[in-house]
Chemist: 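Got a structure here, written out as C-alpha cells. Questions coming.
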Amino acid sequence: MKNIAIFASGTGSNARKIVEYFKENPNFSVKLLVSNRADAPVLDMATENGIATLILSRKMFYESEELLTALQQHDIDLIALAGFLWLAPPYLVKAYEGRMVNIHPALLPAFGGRGMHGIHVHEAVKKAGVAQSGITIHFVNEKYDSGSILFQASCPIAPEDTAADIARTVLQLEHRHYAPVLEELLINIPKLHS
Ligand code: GRF
C-alpha cells in the first residue's frame, strides 16, 4: 500500500476528488490531510472520510521538522498540494524529492510565481488575451511554480469568456486529471520507507 498526504487550505474541491478517486483502491490510500488553516472546510471533508488531519503553524512548518515525523508516522509516499500556498521549505523538498506535486490552474511557465493563485491567475490570462489556458501538474521545488512539469492539459478560451468563466473550465480540468496523474506517479515510485 502506498500512501498519499494532501496539503490543502482552500475549499478543497480537488482534495475531495482525490479522496473519492482513491476510496476503493486497494493499492493507494489518502492517509493525511495537512492544512495551514484550522477553519478550512477541507478538514471536515477529511474527517468525514476517516482521514487524519494536521494543522500546520508557520513556526512548525519553517522552524522545525515535526512535519516530517508526522509524514513518516503515516507512512506517506507522495504529497499532493491542492490549494496550499505556503512555499515548501528545503527539508521537505529534499525528503520528498520526486514525490511532491502541485497543481497550478494555468499553463506554466506562463502565469505562475508568487501571487499567482486563485482568480489572479485567470485575470492575468484574460488580460493577456491568449487563446487557451489549462492546468499544469508539476513537481515542487523551493520556488513557486517552477519544478519540472509532469502533466499539462489545455482548454480553449473564447473572446467573451470572463476570468470567472476561465476559472470554471480550468477547475473542471483539474478535477478530471489530478487524481489519475497522481495514480500514475504512485505506480512509478517505490515505497519511501520499506
Ligand atoms: C486550484 O485551482 C489549484 O490549481 C490551485 O488551488 C486551487 C484549489 O482549489 N493550486 P480547490 O480548493 O481544490 O477547490
Side-chain angles (χ1 to χ4, degrees), residues 4-23 30 32-49 51 53-56 61 78-89 92-93 96 99-128 130 132-155 157 161-183 185:
I4 308 157
I6 302 174
F7 285 29
S9 296
T11 51
S13 68
N14 277 286
R16 181 182 288 278
K17 288 284 169 191
I18 295 166
V19 167
E20 284 167 1
Y21 185 87
F22 288 106
K23 207 155 192 180
V30 178
L32 183 65
L33 194 301
V34 177
S35 180
N36 59 2
R37 277 186 41 207
D39 61 346
V42 67
L43 292 167
D44 297 331
M45 184 281 295
T47 307
E48 280 157 23
N49 284 281
I51 296 165
T53 58
L54 176 71
I55 314 289
L56 277 182
F61 196 43
L78 177 76
I79 298 174
L81 308 189
F84 183 81
L85 299 180
W86 288 358
L87 199 58
L92 187 63
V93 172
Y96 278 84
R99 296 168 177 274
M100 177 160 51
V101 295
N102 179 46
I103 187 161
H104 184 77
L107 295 171
L108 292 174
F111 310 112
R114 186 177 285 278
M116 272 296 180
H117 55 83
I119 197 69
H120 304 300
V121 177
H122 307 296
E123 279 165 355
V125 165
K126 172 74 190 164
K127 200 167 162 204
V130 289
Q132 58 171 15
S133 190
I135 62 169
T136 304
I137 299 170
H138 63 93
F139 288 103
V140 174
N141 63 13
E142 290 163 33
K143 286 189 228 138
Y144 280 115
D145 304 324
S146 59
S148 58
I149 292 173
L150 189 57
F151 176 87
Q152 291 186 305
S154 60
C155 54
I157 299 175
D161 283 348
T162 63
D165 294 330
I166 300 168
R168 235 181 333 267
T169 311
V170 168
L171 190 63
Q172 282 169 2
L173 273 186
E174 296 190 37
H175 291 169
R176 181 169 342 134
H177 293 291
Y178 202 12
V181 170
L182 293 175
E183 184 178 25
L185 181 58

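In listed order, ligands and their atoms are each counted from 1. We count residues from 1, following the sequence as given.
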Chemist: Would you mind checking which non-hydrogen protein atom is closest to atom 14 (O) of ligand 1, with the distance to 0.1 Å?
Modeler: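 So the nearest neighbour among protein heavy atoms is Ser13 OG, 2.5 Å.
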Chemist: Any side-chain heavy atom of Glu142 within less than 4.5 Å of one from Leu87?
Modeler: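 Heavy-atom side-chain distance check fails, nothing below 4.5 Å.
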Chemist: Does anything in residues 39-49 pair up under side-chain hydrogen bond (donor to acceptor under 3.5 Å, both in side chains), and if so which pairs, sequence neighbours excluded?
Modeler: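 Passing the test, one end in residues 39-49: Lys23-Asn49, Arg37-Asp39.
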Chemist: Please work out which of the three classes, parallel, tilted or perpendicular, describes the rings of Phe61 and Trp86, given edges at 30° and 60°.
Modeler: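 It falls in the tilted class, 30° to 60°.
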Chemist: Students should be able to answer this: which protein heavy-atom is nearest to atom 5 (C) of ligand 1, and at what distance?
Modeler: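 Residue, atom and distance for the closest contact: Ile103 O, 3.7 Å.
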Chemist: The criterion is side chain to side chain contact (heavy atoms under 4.5 Å, CB included); which residues satisfy it with Asp161, sequence neighbours excluded?
Modeler: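 With neighbours one apart ignored, the set is Ile157, Ala158, Asp165, Ile166.
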Chemist: May I ask you to list the atoms of ligand 1 that are less than 4.0 angstrom from any heavy atom of Pro105?
Modeler: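 Answer, ordered by atom number: 2 (O), 4 (O).
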Chemist: Under 4.0 Å from any heavy atom of Asn14, which atoms of ligand 1 are there?
Modeler: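 Numbered from 1, ligand 1 contributes 1 (C), 9 (O), 11 (P), 13 (O).
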Chemist: At what distance is the nearest protein heavy atom to atom 7 (C) of ligand 1, and which residue and atom is it?
Modeler: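 The protein heavy atom lying closest is Gly83 CA, 4.1 Å.
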Chemist: Among all protein heavy atoms in this structure, tell me which lies nearest to atom 4 (O) of ligand 1, with the distance rounded to 0.1 Å.
Modeler: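 Going atom by atom, the protein heavy atom closest to atom 4 (O) of ligand 1 ends up being Glu174 OE1, 2.8 Å.
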Chemist: Is Gly12 in contact with ligand 1, taking contact as a heavy-atom separation below 4.0 Å?
Modeler: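 Yes, that is the case, since the closest heavy atom of the residue is under 4.0 Å from the ligand.
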Chemist: Over 60° means perpendicular and under 30° means parallel, so tell me whether Phe151 and His177 are parallel, tilted or perpendicular.
Modeler: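 Aromatic pair Phe151/His177 classed tilted.
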Chemist: For the residue pair His175 and Ser13, confirm or rule out a side-chain donor-acceptor distance under 3.5 Å.
Modeler: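 Side chains of His175 and Ser13: pair found under 3.5 Å.
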